[in-house]
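Let me begin by presenting the structure, written as structure tokens, before commenting on it.
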Amino acid sequence: MKRRKFIGIVSVGTATVIAGSYISFSGFDTAIKKILTNYTKMLKLNISDKEISSFIIGANKAKLWESYSFLKKELIKWHANIENIGFSLPSIDQYKWYKQEIERQFLFSTSFFYNGMDTTKPVYYLRIYNPYNTPCCNPFSNTYYS
Amino acid sequence: MENYDLILVGSGFASSFFLKKYLEKSPKPKRVLVLERGVFYPHSARLDSKRGNVSPKFANLPTPDDTFNFKNKDKKSWVFDPNFGGSSNCWVGCTPRFLPNDFKIKTLYGVGNDWPITYNELEPYYCDAEEILGVAGPEITPFPKSKKYPLPPQHLSTVDRLIQQKYGALFISQPTARATIPIGNRHACCSSCVCKLCPVDSKFTIENTLLYLYRQSNVTLKFNCQVHNLRIENNQVQSVIYRTNGKDYEARGEVIALGANPIFNSHILLAAGDKSYYTGRGLCEQRGTYARLYFKDLDNVGGSSIITTNGFMLYDGPHRKEYSACLIENSNTVFIRNEPGKWRKIALMKFIFEDLPNDNNRIVTSENPLKPTIEYGGHDPYVDRAMSRLEENIQKTFSFLPLEKIEMDGFFQKTEFHICSTTRMSSSREKGVVDANLIHHKYRNLFVLGSAVFPSITPANPTLTLSSLSLMAADRAF
């Protein structure tokens, strides 16, 4: 094996190990933040970083991710970190489904739907969406549309 | 042995409505014993559990699946709440009436079984039951009514209004026991949309409306008492045999009423040696499936409660000779399209089909006295024929809306939560288990209540009808 090829393989291997370790040891919250930052940018929402952070704090307090298995969390973490860099990992469809679940939970926890889905209005984090803690919260009901 | 004028088995809709009428009609206080297999699990404790505070007292209650066995591999889900108040604790509160033609589908369409009573006979009891349940509903309905609904109707969504313009009385604000204004101990529904356990206690439950019946001095309510057999002599039921804390007891009654669900009512009858051909046979429930209607430029907003409307456009008609009637429910839960700008340009509709009671789907004699055994081979092809036409029927029915696409689930939900037809009513002993007054054809001091007596099940929710039947049975007998 030529020296240049050897160095190339070692470099790629080292980078992979470093990236893998980074993803493994990075928290689940980091992945959530990444997903939601990308999502709110894509939607062109008028929202500050602080609101996303408040949602993450609220979600942890409400033990929102407690029902997620270790494997589900790892899948979300790996995909969220690798996303948009030119290739995708296996189980991409499942990841998309999980991601949508998180995005939906986030949007329902903000003022977005209560503002009539108007993207020009500032969006604020309100509380974690849970009808048992906050009843009457269906933003599409007659309570919000008379 | 203790003696009672009436022994009731169970404390759900069937028993409670029977008890209400029985007490009203008794000239002097009668001694009543109610045997409930479960416990009193109050609404407040149920809410606490949803908020993460599960009381150790209620942490290990049995689930429905713990209460029966399957003989075959098809472990279809049958859902109920085996505690005080029965399925009033977990129902969604939908209370459409059956249609007059539902009572004579054999005569009209050559399928299923006719009822030994007519819609008109049941109509006054429908009115009474709607009053007790505090039903909210519209003025115009596809079924005749002699009285207005006691509560104002729910709000229609933007999509509902368009469909109602087209179909009028065939597409109505859903009649519901989710209160639209405060009534009794219940608050007004505010569209939390988790009705199986209402966060604001808006839907009718036995606990929030009829608990007082069980607190009367002449009514004894015992918990953790599972009735599993009857002592019968000379075709009269003498007593019920129940187990509590691992030991059997017996209570004697002049009149006995089985108000457990169709699985347990027939299990008790089979254990007691009831040899009627139909006892236990005909186990069925409706089958349901979802479809999503995507709109080009129509937001679906402004409706109230969890289900805003009922559609009867695919329900009654000559097609029932060939395939099932179908009831439509328009959902108002917090679904969205994950597409910017099109968030709520979508409707989520449920299509519910009637099944035909099949004699081979049944409760069979069980080795375990406390656990019924179910033998279930699946629903009738009548339902599959309706399912195979559904997409085409949806296209035809909703083509006037600005549809972008229709997305079909294509599969049935695991359950519709409505167990029916294991002790069918009939005009003669040869064709069923109970008569038109819900009295057992052979044991004339025994009432069998609930949706078990439905000779045919229709696609409509059964609770209002079974509650009305209980009122009728007690009214006619006492």
Do other residues, nucleotides or ligands put more than 12 heavy atoms under 6.0 Å from the CG atom of B:Asn60? no
Does atom CG (B:Leu61) have a neighbourhood of more than 12 heavy atoms from anything else shown, all under 6.0 Å? yes
Residues in ring pair (Phe, Tyr, Trp, His ring centres under 6.0 Å) contact with B:Phe412, at least two apart in sequence or another chain: B:His379
Contacts of B:Gln164 meeting side-chain contact (heavy atoms from CB on, under 4.5 Å) (sequence neighbours excluded), chain-then-number -> B:Leu156, B:Phe171
At a 3.5 Å cut-off, give me the donor-acceptor pairs between chain B and chain A, one pair per line with the distance.
unit_1   : atom_1 : unit_2   : atom_2 : d
B:Arg51  : NE     : A:Tyr132 : O      : 2.8
B:Arg51  : NH2    : A:Tyr132 : O      : 3.1
B:His155 : NE2    : A:Asn142 : ND2    : 3.4
B:Ser192 : OG     : A:Cys136 : N      : 2.8
B:Val194 : O      : A:Tyr132 : OH     : 3.4
B:Leu197 : O      : A:Tyr132 : OH     : 2.7
B:Gly302 : N      : A:Phe140 : O      : 2.7
B:Gly303 : O      : A:Asn142 : N      : 2.9
B:Asn332 : O      : A:Asn138 : ND2    : 2.6
B:Asn338 : OD1    : A:Tyr39  : OH     : 2.8

In terms of heavy-atom proximity below 4.5 Å to chain A, should B:Val200 be classed as side chain, backbone, both, or neither? side chain
Taking the side chain as C-beta and beyond, is there a heavy-atom pair between A:Phe113 and B:Val334 under 4.5 Å? no
Under the disulfide (SG to SG under 2.5 Å) definition, can you give me all pairs with a residue in residues 117-146 of chain A, not counting sequence neighbours? A:Cys136-B:Cys190
